[in-house]
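So the structure is just underneath, and the comments pick up after that.
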Amino acid sequence: MEIYLVDQSHVDTKYSRPLSDRSITVRYIWPDLVHAWAARDEAMVDEIWDDVITDLDSDYAAYAYVSSVGIGA
């Protein structure tokens, strides 16, 4: 899964953060994610997303809101 950050170009410099795109392996939740996505179960996708970003490290909160997520198989 590739995680692309929210566009910070309209954020005041004092509030913007130097972040980079991230990649993470999500095989352990892949079937649940695909099922939730297909069912348009936004609450489950959100719950899975919370699980995914906690694996990113101490900066996980910076990835709570992103511009897009790339999912490839």
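Numbers for residues simply follow the sequence, beginning at 1.
Looking at residues two or more places apart in sequence or on another chain, you find a side-chain contact (heavy atoms from CB on, under 4.5 Å) between Asp46 and Asp50.
Note that CD of Glu42 and CH2 of Trp37 are 10.0 Å apart. Values are rounded to the nearest 0.5 Å.
A 4.5 Å side-chain heavy-atom check between Ile48 and Val52 finds at least one atom pair inside the cut-off.
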